[in-house]
Amino acid sequence: MNQQHSNDDEGKRPFSSNRRELIQLSSASCLLPLLTVFEAGCAADENNQVPSPAQQNDDQPTRVENASEKNAKMKIQYLEIVSPEADSICKTYEDVHGLDFSEPVAVLGNARTADLPDDSTLAVRGPLRSNETPVVRPYFLVEDIDASIAKAAEAGAEIAIPSMEIPGYGTCAIFILGGIEHALWQV
């Protein structure tokens with residue numbers, strides 16, 4: 001049933017005439033706290049200079065450490081894509097991203113690899129066994145793979161592949177936690 005609202009209907013629906021004003025007011029009340037936080041975080045002196053954390057007053061919040069600085073230790077060393085369509089994926093990444101993939105590397109499960117600008121490696125390979133499902137698996141760089149895999153086990157991870165040396169490339173390990181495969185790499 002299609003109803004049209006006339007000015008007579010507005011008396012029966014007290015919010016209909018003010019609906020737009022209410023939405024505008026609600027939006028403004030939500031933005032006000034954000035603007036206050038923005039202004040506090042961007043306070044500048046009379047020369048338009050933002051004070052360093054050391055120059056800020058004790059009553060002002062100090063800037064949280066930059067996330068890239070804080071997470072600088074965590075680096076993906078090797079990103080592995082496993083798919084029965086490995087050749088198609090390599091071709092697409094070459095066309096879209098301009099990557100150059102190697103020929104299959106036997107010690108890496110016949111993965112074709114491409115060096116990335118951050119000195120990490122992208123590897124694309126087909127399944128090694130009939131029940132290996134497609135996966136994208138990042139291998140995070142660690143200093144001590146045995147200690148790291150032990151910590152993962154203590155946290156309740158299932159160790160799928162304990163530390164395994166790959167001649168000329170380093171040592172890797174895979175664990176499963178939360179239904180997701182996680183991997184480590186030590187050079």
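Predicted model only: the values in this text are computed from it and were never measured. What you see below is based on every heavy atom in this structure, not just the backbone, and it leaves out hydrogens, waters and symmetry mates.
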CA sep, side-chain torsions, deciding dist, call: L141, I76, side-chain contact (heavy atoms from CB on, under 4.5 Å)
CA-CA 6 Å; L141 186 63; I76 295 175; over 6 Å; no
Please evaluate residues C172 and I166 with respect to the criterion side-chain contact (heavy atoms from CB on, under 4.5 Å), reporting the C-alpha separation (whole Å), side-chain torsions for both, the decisive distance (0.1 Å), and the verdict.
CA-CA 7 Å; C172 70; I166 301 174; 3.7 Å; yes
Those residues that, when tested against D118, pass salt bridge (charged side-chain N to carboxylate O under 4.0 Å, His left out) (two or more places apart):
none
How close do C90 and V124 get, heavy atom to heavy atom, and via which atoms?
SG-CB, 3.7 Å
Hey, does D146 have a side-chain heavy atom less than 4.5 Å from the side chain of S163?
yes
Would you call the rings of Y78 and Y139 parallel, tilted or perpendicular, where under 30° means parallel and over 60° means perpendicular?
perpendicular
Output, in order, the C-alpha distance, side-chain angles, deciding distance and verdict of side-chain hydrogen bond (donor to acceptor under 3.5 Å, both in side chains) for T113 and T121.
CA-CA 7 Å; T113 64; T121 300; over 6 Å; no
Quick check on the hydrophobic clustering: are V107 and M164 connected, directly or via other members, by side-chain heavy-atom contacts under 4.5 Å?
yes
In terms of hydrophobic clusters joined by side-chain contacts under 4.5 Å, are L177 and V142 together?
yes
Apply salt bridge (charged side-chain N to carboxylate O under 4.0 Å, His left out) to E94 and list each qualifying residue two or more places apart in sequence or on a separate chain.
R112
Could you list the cluster mates of I180? Members are the ILVMFWY residues connected by side-chain heavy atoms closer than 4.5 Å, either directly or through other members.
none
Can any side-chain N or O of S120 pair as donor or acceptor with the backbone N or O of L116 at less than 3.5 Å?
no
Does atom CG (D144) have a neighbourhood of more than 12 heavy atoms from anything else shown, all under 6.0 Å?
yes
What pair of heavy atoms forms the shortest contact from L184 to I145, and how long is it?
O-CD1, 3.7 Å
Which of these passes side-chain contact (heavy atoms from CB on, under 4.5 Å) with Q77: W185, F140, Y169?
W185
Exercise: identify the closest heavy-atom pair between S102 and A111
OG-O, 4.4 Å
Could you go through the side-chain contact (heavy atoms from CB on, under 4.5 Å) check for L99 and L122 one step at a time?
CA-CA 10 Å; L99 296 177; L122 174 62; 3.8 Å; yes
State plainly whether the residues D95 and K91 are in salt-bridge range, i.e. N to O under 4.0 Å.
yes
Does V82 form a side-chain contact (heavy atoms from CB on, under 4.5 Å) with E80? I'd like the steps, not just the answer.
CA-CA 6 Å; V82 177; E80 181 176 49; 3.9 Å; yes
Flag, side chain of H182 to backbone of I174, donor-acceptor distance under 3.5 Å:
no
Is the shortest heavy-atom distance from the side chain of E181 to the side chain of I176 under 4.5 Å?
yes
If you look at every heavy atom in L128 and E132, which pair is closest and at what distance?
N-OE1, 2.5 Å
